[in-house]
Amino acid sequence: MTSSFSGPGQNRPGVPPRLPTPPTGWPIGSYATYEEAQRAVDFLADGDFPVQEVTIVGVDLMLVERVTGRLTWGRVLGTGAASGAWFGLFVGVLLSLFNTTAGAGFGPILVGLTVGVAFGIIFAAVGYGSARGKRDFQSASQLVAGRYDVLCQPRSAERGRDLLAKLAMRPTDANHKD
């Protein structure tokens, strides 16, 4: 009896593994930016290369947190009020859809909006106050790599390297043509 089930340890070509697994394959290119690695794979695809055998791997991962501004009580309370207003508006609209009283369509919306703003301000104030000035800034986090390697399954690696060597030999302005 044979089974077509592919268990967690079995990888099928063109199908990402179900569980986190280290990448396999031979390196056929290395690039400083993700955009360059993506361009290389796109070039392979344009050359009728079996790209389902290719993996882009970010190496030397870094979590980069870019500070976007200073937090103040006014900004915290304003943001809390705005998010509470959206949630309250959503709840109010839902309640008004099920309201059977004639002429009272805007009542639940107004109540939901008001209560949402109040709760949004309260929760934002409690959260910011409990930090006690330890994080008085806003930021955005991003996971980036020091370099991006393009790996390929061994059966196609040599052809992939040859194609990417042709890409590298093209003039610089041709490399940036999309």
Side-chain angles (χ1 to χ4, degrees), residues 1-71 75-76 78-80 82-87 89-91 93-94 97 116 120 123-124 127-128 131 134-178:
M1 180 172 176
T2 60
S3 171
S4 63
F5 174 73
S6 179
Q10 300 170 328
N11 290 335
R12 294 179 289 163
V15 178
R18 293 183 191 175
L19 297 174
T21 57
T24 60
W26 292 354
I28 60 172
S30 188
Y31 303 92
T33 66
Y34 180 76
E35 182 184 33
E36 292 171 345
Q38 196 175 22
R39 183 176 296 116
V41 174
D42 188 44
F43 182 78
L44 292 173
D46 292 344
D48 290 329
F49 186 83
V51 290
Q52 66 274 13
E53 296 184 7
V54 173
T55 305
I56 299 174
V57 180
V59 180
D60 297 330
L61 296 180
M62 299 172 271
L63 178 65
V64 178
E65 183 176 11
R66 300 187 200 291
V67 177
T68 59
R70 184 172 186 267
L71 277 181
R75 183 173 279 180
V76 168
T79 303
S83 68
W86 278 112
F87 184 72
L89 183 65
F90 173 70
V91 171
V93 168
L94 284 179
L97 291 175
F123 284 125
Y128 185 63
K134 291 189 179 172
R135 188 167 168 91
D136 284 338
F137 61 91
Q138 289 178 311
S139 65
S141 295
Q142 193 177 36
L143 192 62
V144 296
R147 76 172 193 274
Y148 297 87
D149 291 342
V150 177
L151 305 182
C152 182
Q153 293 305 309
R155 64 182 161 265
S156 303
E158 187 175 345
R159 181 170 169 239
R161 271 193 214 110
D162 291 345
L163 280 170
L164 292 181
K166 290 178 184 176
L167 175 64
M169 288 189 287
R170 291 169 60 176
T172 306
D173 59 333
N175 282 343
H176 296 291
K177 184 177 80 173
D178 289 9

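Keep in mind it's a predicted model, so treat the numbers as computed, not measured.
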Determine whether [X] and [Y] make a side-chain contact, defined as any pair of heavy atoms from C-beta on separated by less than 4.5 Å.
X: Val150; Y: Val41; answer: yes
X: Thr79; Y: Arg75; answer: yes
X: Phe49; Y: Cys152; answer: yes
X: Ser30; Y: Glu36; answer: no
X: Phe137; Y: Thr68; answer: no

If every non-hydrogen atom of [X] is compared with every non-hydrogen atom of [Y], which pair is closest and at what distance?
X: Tyr148; Y: Thr33; answer: CD1-C, 3.3 Å
X: Ala40; Y: Leu167; answer: CA-CD2, 3.8 Å
X: Gly160; Y: Leu44; answer: O-CD2, 3.9 Å
X: Ser156; Y: Pro50; answer: OG-CG, 3.8 Å
X: Pro23; Y: Thr55; answer: CB-CG2, 4.3 Å

Taking [X] for the side chain and [Y] for the main chain, is one N or O donor matched with an acceptor at less than 3.5 Å?
X: Arg161; Y: Pro27; value: yes
X: Arg66; Y: Ser139; value: no
X: Gln38; Y: Tyr34; value: no

Rounded at 0.5 Å granularity, tell me how far [atom1] in [X] sits from [atom2] in [Y].
X: Glu65; Y: Gln138; atom1: CD; atom2: CD; answer: 11.5 Å
X: Lys134; Y: Tyr128; atom1: NZ; atom2: OH; answer: 13.5 Å
X: Trp26; Y: Gln153; atom1: CH2; atom2: CD; answer: 10.0 Å

Sequence neighbours excluded - salt bridge (charged side-chain N to carboxylate O under 4.0 Å, His left out) pairs with any residue from residues 140-151
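Every salt bridge (charged side-chain N to carboxylate O under 4.0 Å, His left out) pair that includes a residue of residues 140-151, provided the two are not neighbours, is Asp60-Arg147, Arg147-Asp149.
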
Under the criterion side chain to side chain contact (heavy atoms under 4.5 Å, CB included), I'd like the reasoning laid out for Leu164 against Tyr31: C-alpha separation, chi angles, the key distance, then a yes or no.
CA-CA 11 Å; Leu164 292 181; Tyr31 303 92; 3.6 Å; yes

Is the CD atom of Glu158 crowded by more than 12 outside heavy atoms at less than 6.0 Å?
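Count not over threshold, so no.
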
Check the pair Ser141 / Leu63 against side chain to side chain contact (heavy atoms under 4.5 Å, CB included), numbers first and verdict last.
CA-CA 7 Å; Ser141 295; Leu63 178 65; 4.0 Å; yes

